[in-house]
Amino acid sequence: MNVKGKVIKYGDNVDTDVIIPARYLNTSDPAELARHCMEDLDKTFVSRVNKGDILVAGKNFGCGSSREHAPIAIKASGISCVIAETFARIFFRNAINIGLPILECPEAARDISEGDEVSVDFTTGVITNITKGKQYTAAPFPEFMQEIIAAGGLVGYIRKQLA
Amino acid sequence: MGMTMTQKILADHAGLDKVTAGQLIKARLDMVLGNDITTPVAVDEFKKIGADRVFDVNKIAIVPDHFTPNKDIKSAQQVKYIREFAKQMGIVNFFEVGQMGVEHALLPEKGLVVCGDVVIGADSHTCTYGALGAFSTGVGSTDMAAGMATGEAWFKVPEAMKFVLKGKPGPWVTGKDIILHIIGKIGVDGALYKSMEFTGDGLKWLSMDDRFTIANMAIEAGAKNGIFEVDEKTIEYVKEHSQREYRVFKADEDAEYTDVYEIDLSEVKLTVAFPHLPENTKTIDEIGDIKIDQVVIGSCTNGRIEDMRMAAKVLKGRKVHPDVRCIIIPATQKVWKQAMDEGLFSIFIEAGAAVSTPTCGPCLGGHMGILAQGERAVSTTNRNFVGRMGHPESEIYLASPAVAAASAVAGKIASPDSL
């Protein structure tokens, strides 16, 4: 699977309270959540994000609350992939479980700039920065997680097991 | 190479003799938890899995505590949805308003978690039960759904950091100061993906309430779980609250730790985390004049009986500053009744504080004390992220109940000794 898009970039410790503020958690509708994605960090996000865009961030992306509404909101906003130096562990799990592609790659996260055109090959973990003419490689997922991803998330994976 | 406390519990629940850090395992679950925000999504996912019943009606706990008593129609709909699900599935541990409390104060009190358990909860502060010598960790709604259907969860066996606690804490210093001190030292991602294991002679000075507070905030250092070595106090607590059989897992002497920190509790000062990260800590003597508008004393971090007593000790015979709203939220019905029976509410009300029914409420900017633009709060909760308690331009200072109560009186961040 490949994706290609323009980069929207943020810094370290982007927490789930700014990804989707709790005041909007009285719903779990993805479209409604997407309308408020990143609102307390970047009011312009919702208006400028385009389908397929790639989100790049620093350390500890998605720290804080376990709300799955955070990766759901990001996915529903049209973001095709998140690349970060590191992810907070619950966000990491949630993203895999709901089928939001994420890649941990410190080199790419540091080097890629806002607005760069980037493509990602999930099978090889190769991230290509088309604007800068550079390539970076993220560590591939363990086989077990690849199976979850291939099944479209944890629900698909469990369904297969129970079948 | 030996195993850490966490690794031993995980190996046991995976049916393996040994596990090593980095290994992917499937573990048997003793408890699966969800709240009114995360459970609705979990129920949707559970339905998608196609399961027609839960793995064990006694091993699931659903606690509507975040936006309850329901703050608006949408919240009421969400709770109605999960209440119907709990009824339909025959889930025993569904806690309605009147029985409910803040989940992580409630579950240990109800005896639903004991030493040696493996617990997942669709709430990041599920790590609280590590105080009981259990492995417990926060997950999302889909993991909760899978856990409810199968009774299992997948884990990557974590590495561990060891915190050797020594010495006796000084006056007013509690679990909150200790964990803020540690987070200030290692940072909000200092324990990312790892276990934080707490041990050492200093444990004997820490009450169970102190330990719950410390384990509760392990997630604020990015940890997978926080866990305390089991001692007489743990056993006493578990026996008092639960009929369930418990098992004590001790780390091997040759267990591997990525880092070992010695924390001298006698040197820990009253500590406050400044906006907008729990790692931005300052000791009370480093804080200048910071005027405040609100104080919140409560939450899964600091809403237990000792926290109430500490607040009362400071507020007794004093008045809340006229420019401050002081909101006190006992975390459970049991804590509420105990505080009432001990006369603590008279102290709070005479001081001019408001006492609320149990709820997570203001901690996550839900209800019962939202901040306006530019307002500042001292709060005994666990997160001071941008917009966490209300307006994105409000500020939260995290502190212990003693410092919060003293600040309510002073109208600015203050030590109880300064009053």
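The sequence lines fix the lettering, A, B, ..., with proteins before strands; numbering per chain opens at 1.
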### Query
When only pairs under 4.5 Å are counted, which of B:D189, B:D143, B:T150 shares the most heavy-atom pairs with chain A?
B:D143
### Task
Provide the closest heavy-atom pair for A:L25 versus B:Q78 in the form atom of the first, atom of the second, distance.
O-NE2, 3.2 Å
### Query
For A:N94 and B:T142, what are the C-alpha separation, side-chain angles and deciding distance, and is it a side-chain contact (heavy atoms from CB on, under 4.5 Å)?
CA-CA 7 Å; A:N94 286 346; B:T142 300; over 6 Å; no
### Task
Specify the closest pair of heavy atoms between B:S124 and A:G64, including all atoms of both residues, with the distance to one decimal.
CB-O, 3.5 Å
### Side chain, backbone, both or neither of B:I219 within contact of chain A (heavy atoms, under 4.5 Å)
side chain
### Message
So for B:L192, is it side chain, backbone, both, or neither that comes closer than 4.5 Å to the heavy atoms of chain A?
### Response
side chain
## Note on the structure
Cut-off 4.5 Å, heavy atoms of chain A, and the answer for B:I37 is both
### Message
If you compare all heavy atoms of B:P392 against all heavy atoms of A:D40, which two are closest, and at what distance to 0.1 Å?
### Response
CG-OD1, 3.6 Å
### Task
Kindly determine whether A:F87 and B:Y193 satisfy side-chain contact (heavy atoms from CB on, under 4.5 Å), including the steps that lead there.
CA-CA 9 Å; A:F87 289 92; B:Y193 306 127; 3.9 Å; yes
### Task
Go through A:C63 and B:V188 one step at a time and tell me if the side-chain contact (heavy atoms from CB on, under 4.5 Å) criterion holds.
CA-CA 8 Å; A:C63 61; B:V188 291; 5.6 Å; no
### Message
Donor-acceptor check, side chain of A:E68 to backbone of B:V41, threshold 3.5 angstrom: yes or no?
### Response
no
### Shortest non-hydrogen contact from A:I90 toward B:G140
CG2-N, 4.1 Å
## Note on the structure
Note: vs chain B, highest number of non-hydrogen pairs under 4.5 angstrom among A:T86, A:L41, A:N60 is A:N60
### Query
Any ion pair linking B:R383 and A:D17 (charged N to carboxylate O, less than 4.0 Å)?
no
